[in-house]
Every structure is written in structure tokens, then in C-alpha cells.
**Q** 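Quick one: the structure is below, and I'll ask about it shortly.
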Protein chains: 2
Amino acid sequence: MGLTKTEIFSEQQNEVAVFAKAFAHPSRVAILQHLFKMDTCVCGDLVIEIGLAQPTISQHLKELKQLGLIKGNIEGTSVCYCIDLENWNKMKKVLNEFFDQDIAEKGNCC
Amino acid sequence: MGLTKTEIFSEQQNEVAVFAKAFAHPSRVAILQHLFKMDTCVCGDLVIEIGLAQPTISQHLKELKQLGLIKGNIEGTSVCYCIDLENWNKMKKVLNEFFDQDIAEKGNCC
DNA sequence: TTGATTCATTGCAATATTACGATAGACTAT
DNA sequence: ATAGTCTATCGTAATATTGCAATGAATCAA
């Protein structure tokens, strides 16, 4: 059906999934990497850098912004996008807690 | 179009995206958490635990298996699934390298 | 063999995601 | 005002993902 049954999962499980979705596409990975590399970022940069159409980039930026991973300030006619470190670190914490579950002394059955 | 243009991205960017996709759905997050919790895991367990239909769970398990994050051994009539630690650690390394890009002394323009 | 159990596969329906052309809105420069 | 630049939004087309009923394949128990 394509309809995720979010209500049957825990809040943490949904949070991991929502954050992971941000990186689940190479366009967004590339956008974030570029934002890390640069000091000041404009959408136009990204269109040239990444090689997708401007509306496509704009759409990906919107998703990242809604997740809180980036923020954008209007600067004259262009928009300055950059990483929102506070939320970025929160995301890292949530995902790393998931990655680092207790796996130490487990009888490996397989 | 829904067709990801993987060819315009770097290998690393695609790798991050592919791994992230594994966690981009709460079902798979829940499955992995359950596999961590248990010592010996069977698909039937997961159907009861998670509350989705058996074919749905089976499909998610297949994806995780194809990615190499879990492995499954046939054990009589049931199948023993568990985390593949080697690939799990590789995934952690790939994603953490992405998460921990140089962000230290950046002039925050926003 | 027959029936029960367990998991995989197939086929389908519905929603989600990705991409882009066209267009609109906001600002700048002339 | 007018033209040019930059970004957002709308509408649309195509692919991807999710979920499940039905079915199949393999094993075990009697």
C-alpha cells in the first residue's frame, strides 16, 4: 500500500527512520556535503555543483529544512543555506544510539 | 520521474544513501532492534513482535539481507536471522565518516 | 502419505518519492 | 518602470516503496 503504519512503532523507531530518510538519497547526501565544504552557500551553487534541475534541488533543500538539518537565510536575491549544527548533532546522537546497541557478548547463532 | 540519477554522484555518496535507506523505514528499524535484543531470531518472532503481515516482514528481511546487514541460516523449518556484525560495522564507519565532516571552526553565516 | 508449520515468492493495489518544465514571487540594477 | 537574476511553488509523469492475500516450497510429526 505504500502507507507506513507509523502508529505501531515507537517514537524512537520513527525518529530514526525520519532522520535516515534525509540521507536515503544521494542528492541530499551531496547537498549536505557541499554545505559542509563551503562557508556560505547559495542554492545556485548547488544546482551547478550537483547537476540536477533547480526545482529538484529546491525540493531537496525544503525537505532538509523541514527536518531541521539545514537553515536558510534570505540574503538579497539569493538564499544562504547552511547546516543547522544543533539539529545535526541531535540527529547524530539519535542515530548513533541506534547504531551502538549492545552487541558485545552475544552468542552468534549464525 | 522517481528515477535516481546515481551516475552523477560519487561512490561514497551512493553508499551513504544505500545504507541510510535501510533505516529509512520504522519496520526495518524495529526488526534490527529486535535482532539486537534476541540471541536467536526467527521470522515468526518478528511477525508477532512487530505486527505486520508475514510477507511484509519477509520482504524487509530480504532487503536487509541483500544489503548484508543481517544473515539468515536455515534451521529445520524455521530461519535464524541475526545481525552481520562485520557489515554492520562497515556501515557504521561509512555513515559516521559522513556525519563527522569537518565542521569545527566554520563561520556560521546564518 | 497427510497435515501442520515456517518462510519465500508472486501479483496486485495504494501511497511515496524523484525529477523537471512552466510559472510566480522577490529583489537588483539600469 | 523594465529587464535580469535567483529561488519557490505548481502540476505532472515516472519510478520506487510498502503492504497484504494467495500461493508455493521445504521440513517435520504422526
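In what follows, every chain begins at residue 1, and chains take the letters A, B, ... in the order their sequences are listed. Both backbone and side-chain heavy atoms feed into the values below; hydrogens, waters and symmetry mates do not.
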**Q** Report for the helix from C/dT1-D/dA30 to C/dT30-D/dA1: angle between first-end and last-end helix axes, five pairs each, rounded to 10 degrees.
**A** 20°
**Q** Under the side-chain contact (heavy atoms from CB on, under 4.5 Å) criterion, do B/Ile70 and B/Leu32 qualify, and how do the steps go?
**A** CA-CA 8 Å; B/Ile70 66 174; B/Leu32 289 165; 3.8 Å; yes
**Q** Listed in order of residue number, which residues of residues 6-20 of chain A have a non-hydrogen atom at under 4.0 Å from DNA chain C?
**A** none
**Q** Please determine, for the side chain of B/Gln59, which listed nucleotide (D/dC20, D/dT9, C/dT18) has the closest atom?
**A** D/dC20
**Q** Heavy atoms under 4.0 Å, any strand shown: does A/Lys65 hit a base, just sugar-phosphate, or nothing?
**A** nothing
**Q** Report the C-alpha distance between A/Ile31 and A/Leu64 in whole Å, list the side-chain angles of each, state the deciding distance to 0.1 Å, and finish with yes or no for side-chain contact (heavy atoms from CB on, under 4.5 Å).
**A** CA-CA 9 Å; A/Ile31 288 173; A/Leu64 291 172; 4.0 Å; yes
**Q** How does each nucleotide of nucleotides 24-30 of chain C score, in 5' to 3' order, for protein heavy atoms under 4.0 Å: base (B), sugar-phosphate only (S), or none (-)?
**A** ---SS--
**Q** Just to verify, what does B/Thr56 make a side chain to side chain contact (heavy atoms under 4.5 Å, CB included) with, not counting sequence neighbours?
**A** B/Leu52, B/Ala53, B/His60
**Q** Say whether, by atom type as modelled, one donor and one acceptor occur between the side chain of B/Asn14 and the main chain of B/Thr6 under 3.5 angstrom.
**A** yes
**Q** Roughly how many Å is it from NE2 in A/His25 to P in D/dT15, rounded to a whole number?
**A** 14 Å
**Q** Nearest whole angstrom, please: distance from the P of C/dC20 to the CD1 of A/Ile57.
**A** 9 Å
**Q** Between A/Leu61 (CG) and C/dT18 (C1'), how many Å, whole number?
**A** 14 Å
**Q** Could you tell me the separation between the NZ atom of B/Lys21 and the C1' atom of C/dT18, rounded to a whole number of Å?
**A** 10 Å
**Q** In residues 44-56 of chain A, what residues come within less than 4.0 Å of DNA chain C, judged by heavy atoms?
**A** A/Leu52, A/Ala53, A/Pro55, A/Thr56
**Q** Rounding to a whole Å, what distance do you find between A/Glu63:CD and C/dA16:C1'?
**A** 10 Å
**Q** Over 60° means perpendicular and under 30° means parallel, so tell me whether A/Trp88 and B/Phe99 are parallel, tilted or perpendicular.
**A** perpendicular
**Q** Compare the minimum distances between each of C/dT6, D/dA8, C/dA19 and the side chain of A/Ser27, then state the nucleotide with the smallest one.
**A** C/dA19
**Q** Using the side-chain contact (heavy atoms from CB on, under 4.5 Å) rule, take A/Leu46 and A/Leu61 through it: C-alpha gap first, then chi angles, then the decisive distance, then the call.
**A** CA-CA 10 Å; A/Leu46 292 163; A/Leu61 286 168; 4.0 Å; yes
**Q** Distance check needed: D/dT7 C1' versus A/Ile31 CD1, whole Å only.
**A** 13 Å
**Q** What residues, two or more places apart in sequence or in another chain, satisfy side chain to side chain contact (heavy atoms under 4.5 Å, CB included) together with A/Val47?
**A** A/Cys43, A/Gln54, A/Ile57
**Q** Taking only side-chain N and O atoms of A/His60, does any of them lie within less than 4.0 angstrom of OP1 or OP2 on C/dT17?
**A** no
**Q** Once ring pair (Phe, Tyr, Trp, His ring centres under 6.0 Å) is applied, do any residues pair with B/Phe19, and if so which ones, sequence neighbours excluded?
**A** none
**Q** Would you mind telling me which of C/dA19, D/dC6, C/dT6 lies closest to the side-chain atoms of A/Val42?
**A** D/dC6
**Q** Apply side chain to side chain contact (heavy atoms under 4.5 Å, CB included) to A/Thr77 and list each qualifying residue two or more places apart in sequence or on a separate chain.
**A** none
**Q** How long is the straight-line distance from CD1 of A/Ile83 back to CE of A/Met38, given to the nearest 0.5 Å?
**A** 13.0 Å
**Q** Which residue pairs satisfy the salt bridge (Lys or Arg N to Asp or Glu O under 4.0 Å) criterion with at least one member in residues 40-67 of chain B, sequence neighbours excluded?
**A** B/Arg28-B/Glu63, B/Lys37-B/Glu49
**Q** Under 4.0 Å between a side-chain N or O of B/Tyr81 and OP1 or OP2 of C/dA8?
**A** yes
**Q** Go through the structure and list residues passing salt bridge (charged side-chain N to carboxylate O under 4.0 Å, His left out) with A/Lys90, not counting sequence neighbours.
**A** A/Glu15
**Q** Does B/Ile8 have more than 12 heavy atoms from other residues, nucleotides or ligands lying within 6.0 Å of its CD1?
**A** yes
**Q** Once side-chain hydrogen bond (donor to acceptor under 3.5 Å, both in side chains) is applied, do any residues pair with A/Gln12, and if so which ones, sequence neighbours excluded?
**A** B/Gln33
